[in-house]
Amino acid sequence: MKNNINETVSKIVSAYLKSPDEMTLELAMAISRYVRVQACKMGVNAVVAVSNSGGNPVSVQCMNDSYLASYDVAFNKAYTVVALKMSTIDLKPLAQPGGSLYGIQFTNNGKIVIFGGGVPLYNKEGKIIGGLGVSGGSEEQDTLLAKLGGDIFKACIENI
């Protein structure tokens with residue numbers, strides 16, 4: 001398993017160095033692979049979506065036997081984190097009744113997701129280059145998987 005992580009880290013670093021200001025397919029695939037391995041360990045059949053800084057899909061990967069509904073949810077989580085520059089779990093309390101963003105899920109053609117499983121991906125200079133959305137497990141599982149994906153990406157680029 002350690003070789004898989006080392007290989008993933010190597011792919012993330014290599015892809016990032018080629019294009020540090022944008023989300024590329026190569027980078028999205030490396031991040032998605034890591035999340036899928038973690039989801040498999042947890043017994044979650046996830047859909048993993050990575051968007052670019054404009055909220056457009058770069059990669060959406062569906063694990064075997066994942067929920068059909070998880071495709072849109074994962075993609076919309078990746079969109080949400082780029083559109084609002086925050087994780088979906090951080091958005092959740094703001095979108096509740098009485099919160100400063102109450103009702104936001106009804107904007108943007110219904111693409112805003114107000115529960116966990118999405119994290120923004122920043123480059124070394126702090127610019128958002130993409131979003132990661134995970135769907136298929138419980139909110140807690142999706143949130144953890146997205147966090148793990150974001151954390152490995154951040155760790156890889158901080159050590160360059």
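Reckoned from all heavy atoms, side chains included, excluding hydrogens, waters and symmetry mates.
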Exercise for the section: Check whether Tyr34 and Tyr16 end up in the same hydrophobic cluster, where Ile, Leu, Val, Met, Phe, Trp and Tyr are linked by side-chain heavy atoms less than 4.5 Å apart. Expected result: yes
Handout entry: Connected via hydrophobic side-chain network under 4.5 Å: Leu94 and Val82
Key = no
Practice task
Measure across Val134 and Ala46 and return the closest heavy-atom pair with its distance rounded to 0.1 Å.
Solution key: CG1-CB, 4.0 Å
Practice task
Determine whether more than 12 heavy atoms belonging to other residues, nucleotides or ligands lie under 6.0 Å from atom CD1 of Ile160.
Solution key: yes
Exercise for the section: Step through the shown structure and confirm whether more than 12 heavy atoms of other residues, nucleotides or ligands are within 6.0 Å of OH on Tyr67. Expected result: no
Practice task
Might you confirm whether atom NZ of Lys124 has over 12 heavy atoms from other residues, nucleotides or ligands at distances under 6.0 Å?
Solution key: yes
Handout entry: Residue pair Ala95 / Ile104: nearest heavy atoms and the distance that separates them
Key = CB-CG2, 4.1 Å
Fill in the blank from the handout: With Leu145 as partner, the option from Glu140, Lys41, Gln38 fulfilling side-chain contact (heavy atoms from CB on, under 4.5 Å) is Gln38
Practice task
Output the distance between atom OG (Ser87) and atom NZ (Lys147), rounded to the nearest 0.5 Å.
Solution key: 10.5 Å
Practice task
Begin with the C-alpha distance, continue with both residues' side-chain angles, and end with the deciding distance and a verdict on side-chain contact (heavy atoms from CB on, under 4.5 Å) for Lys18 and Thr24.
Solution key: CA-CA 9 Å; Lys18 289 178 187 172; Thr24 63; over 6 Å; no
Practice task
Check the pair Ile129, Phe153 against side-chain contact (heavy atoms from CB on, under 4.5 Å), reporting the backbone distance first and the verdict last.
Solution key: CA-CA 12 Å; Ile129 63 168; Phe153 176 70; 3.8 Å; yes
Practice task
Any chance you could measure Leu148, atom CG, to Ile31, atom CD1, to the nearest 0.5 Å?
Solution key: 13.0 Å
Handout entry: Same apolar cluster: Met86 and Ile89, side chain cutoff 4.5 Å
Key = no
Practice task
Check the pair Val113, Tyr79 against side-chain contact (heavy atoms from CB on, under 4.5 Å), reporting the backbone distance first and the verdict last.
Solution key: CA-CA 9 Å; Val113 178; Tyr79 171 84; over 6 Å; no
Completion exercise
In terms of heavy-atom contacts, Pro120 and Ile128 come closest through CB-CD1, 4.1 Å
Completion exercise
Sorted by chain and residue number, the salt bridge (Lys or Arg N to Asp or Glu O under 4.0 Å) partners of Glu139 (sequence neighbours excluded) come out as Lys92
Handout entry: Joint hydrophobic cluster, Leu17 plus Val58, side-chain heavy atoms closer than 4.5 Å
Key = yes
Practice task
Measure the spacing between CZ of Phe115 and OG of Ser135 and express it to the nearest 0.5 Å.
Solution key: 6.5 Å
Completion exercise
All heavy atoms of Ala28 vs all of Ser59, minimum pair found to be CB-CB, 3.8 Å
Practice task
For Thr107 and Ile112, work out which heavy atoms get closest and say how close.
Solution key: OG1-CG1, 3.8 Å
Practice task
Group every Ile, Leu, Val, Met, Phe, Trp and Tyr by side-chain heavy-atom contacts under 4.5 Å, then state whether Ile152 and Leu132 land in the same group.
Solution key: yes
Problem - Thr80 side chain vs Lys111 backbone, donor-acceptor pair below 3.5 Å - result: yes
Exercise for the section: Spell out, as yes or no, whether a donor-acceptor pair under 3.5 Å connects the side chain of Asn52 to the backbone of Gly54. Expected result: yes
Problem - Reported CG-to-NZ distance for the pair Asn6 and Lys11, which is rounded to 0.5 angstrom - result: 12.5 Å
Handout entry: Contacts of type side-chain hydrogen bond (donor to acceptor under 3.5 Å, both in side chains), residue Thr88, not counting sequence neighbours
Key = none
Problem - Members besides Val47 in its Ile/Leu/Val/Met/Phe/Trp/Tyr cluster (side-chain heavy atoms under 4.5 Å) - result: Val60, Tyr71
Practice task
With side-chain contact (heavy atoms from CB on, under 4.5 Å) as the test, would you mind laying out the steps for Tyr122 and Ile157 before giving the verdict?
Solution key: CA-CA 9 Å; Tyr122 298 92; Ile157 66 167; 5.9 Å; no
Fill in the blank from the handout: Closest heavy-atom pair, Val50 versus Ser32, reported as atoms and distance to 0.1 Å, is CG2-OG, 3.6 Å
